[in-house]
Every structure is written in C-alpha cells, then in structure tokens.
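Each remark here refers to the structure printed beneath this line.
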Amino acid sequence: MNKRHAKICILLLFCFIVGFSTGIGIKFYYESTTFKPFAWDDSPVIVNCYGKDFNKYQFERAIEYWAIRGYNVGMYVHSPSDEVCDNEWLDGMIILRKSEKLSNGILANTIRRTSTFTMRSAVIQYAPGSQNLNLLNEHELGHALGFTHVEKEKHIMHPHYHKMGRDFYIP
C-alpha cells in the first residue's frame, strides 16, 4: 500500500470514529432530555427469572399501576421455563433477574435494548431482597416501558427511592 492509500484509510477511520462518537452523543443527549424516549411496538411480555421469592402480586400491582395510565403489557409469566431464563435478552420481553453485582445502595436497575426510538427488550435487575419493596417494581417497570427519571418528589419515576411516590404525570 502506498502513502496515498494509507492517508485515505486513516482519514476514513477518523471520519468513522467522529461520526460514531457524534451519533452516540446525540443518542445520550436525546435520552437525557426526553421523558419517554422509547416505546414498544407491541405490548411486551414480562418473565420472572428472579425466582420463587419474587412476590407475584407485587408485580401484578405494578402492571396494574401502568395499565390504569394506558401502558399495557402483553402478559406476565411468573414461572417461565429455564430455557427462557437462560437467555440474556429476548426481543419483546422484559426479564426480571436477581443481581449480586448491584452496589452502592442501588436497589434495582433497568437495562434497555433499543433500536432507533423503539424498545426491543429490557432486563430489570434487583439487588437480593429488594424485589418486593413498595413502589420499586412500578418504578423499574416504568423504565422498562421507556420512561426516564423525574426530579419531582412523590413522582413514581423519582431517582431516589425515599422520595418516590405514587404520582405520575408527564412533565
């Protein structure tokens, strides 16, 4: 390869890196400034891969909380097969899992897999023992439905558990 080709390759690589970085920056900016940056094409199925100590009625209450506000899920499977739970991600599903990796007082975390503005799948990870705390399931399901945090006390999407409440409104 001659010097001219090497320069062109370096320039193309540089353009790719700048373009990729800019795209990621735009996505993060959009997510941080939009209350509901993503939506599901179809109602997601929720599967409990946390285990038997996850209270079925607690999560059904969280589903009802969002259904009353017009955000529905396809169904809730409390005891899915091991085959389903062996998958890290499944399109069209919200998977509930126990996580020993959460630290610094984090009770739960929702990881969303998206494509453009569409939710593809989500995983809600709970610190052991936090899965049945009052309002935590409603909050994390809100993330899995596409919502971000709101810095208003008593709002279900408040980022701090002790400041959460049952309020929900679009800011």
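Because the structure is predicted, anything quoted here is derived from the model rather than measured.
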So how far is it from Y50 OH to C85 SG, rounded to the nearest 0.5 Å? 13.5 Å
Applying the 4.5 Å side-chain criterion to the ILVMFWY set and letting contacts propagate, would I46 and I95 be lumped into a single cluster? no
Rounded to the nearest 0.5 Å, what separates atom CG in L133 from atom CG in N55? 11.5 Å
Side-chain contact test, heavy atoms from C-beta onward, threshold under 4.5 Å: evaluate it for F147 versus T110 and give yes or no. no
Partner of F59 by ring-ring contact (aromatic ring centres under 6.0 Å, His included), out of W66, Y65, Y126, F54: F54
Please evaluate residues H158 and E151 with respect to the criterion side-chain contact (heavy atoms from CB on, under 4.5 Å), reporting the C-alpha separation (whole Å), side-chain torsions for both, the decisive distance (0.1 Å), and the verdict. CA-CA 5 Å; H158 197 286; E151 292 278 347; 4.0 Å; yes
Tell me if a side-chain donor or acceptor on H155 pairs with a main-chain N or O of Y169 at a distance below 3.5 Å. yes
Considering all heavy atoms of both residues, which atom of P44 and which atom of N72 are nearest to each other, and what is their separation? CD-O, 3.9 Å
Please tell me whether V45 and I124 are part of a single hydrophobic cluster in this structure, the criterion being side-chain heavy atoms less than 4.5 Å apart. no
Gap separating the CG atom of L12 from the CD1 atom of I17, nearest 0.5 angstrom: 11.0 Å
Please round to the nearest 0.5 Å and tell me the distance separating atom NZ of K52 and atom OG of S79. 11.0 Å
Let me have the donor-acceptor pairs involving side chains of residues 99-107, under 3.5 Å, with sequence neighbours excluded, atom names and distances please.
{"from": "S99", "atom 1": "OG", "to": "K101", "atom 2": "N", "distance (Å)": "3.2"}

Is there a chain of hydrophobic side chains (I, L, V, M, F, W, Y, each step under 4.5 Å between heavy atoms) that links L90 to V47? yes
Please give me the minimum heavy-atom distance between M119 and A122, naming the atom from each residue. CE-CB, 4.3 Å
Can you check side-chain contact (heavy atoms from CB on, under 4.5 Å) on F168 and V150, steps first, answer last? CA-CA 10 Å; F168 176 78; V150 174; over 6 Å; no
If you take the centroid of each ring, where Trp contributes its six-membered ring, are Y71 and W40 closer together than 6.0 Å? no
Minimum heavy-atom separation for V77 to M75, with atom names? CG2-SD, 3.7 Å
Tell me the closest heavy-atom pair linking E88 and V123, and the distance in Å. O-CG2, 3.5 Å
Output side-chain donor-acceptor pairs under 3.5 Å for residues 159-166, partner residues at least two apart or in another chain, one line each.
{"from": "Y161", "atom 1": "OH", "to": "N134", "atom 2": "O", "distance (Å)": "2.8"}

Quick check against the 3.5 Å criterion: does N137 have a side-chain atom that pairs as donor or acceptor with the backbone of Q131? yes
Check N48 against H78 and note the closest heavy-atom contact, atom names and distance. ND2-O, 3.1 Å
Take H143 and M157 through the test side-chain contact (heavy atoms from CB on, under 4.5 Å) and record every step on the way to the result. CA-CA 8 Å; H143 285 310; M157 296 309 297; 3.4 Å; yes
Value rounded to 0.5 Å, distance of CG in L135 from CG in L141: 12.5 Å
Got V84 and S81 here, is their nearest side-chain heavy-atom distance under 4.5 Å? yes
For E60, does the CD atom have more than 12 heavy-atom neighbours from other residues, nucleotides or ligands under 6.0 Å away? yes
Point-to-point distance, once rounded to the nearest 0.5 Å, from CD1 of I94 to SG of C49: 12.5 Å
Donor-acceptor contact below 3.5 Å, side chain N132 vs main chain D53: yes
Ignoring hydrogens, what is the shortest heavy-atom contact between S121 and W89? Give both atom names and the distance. OG-CE3, 3.0 Å
Cation-pi geometry met for R61 and Y57 (6.0 Å, 45°): no
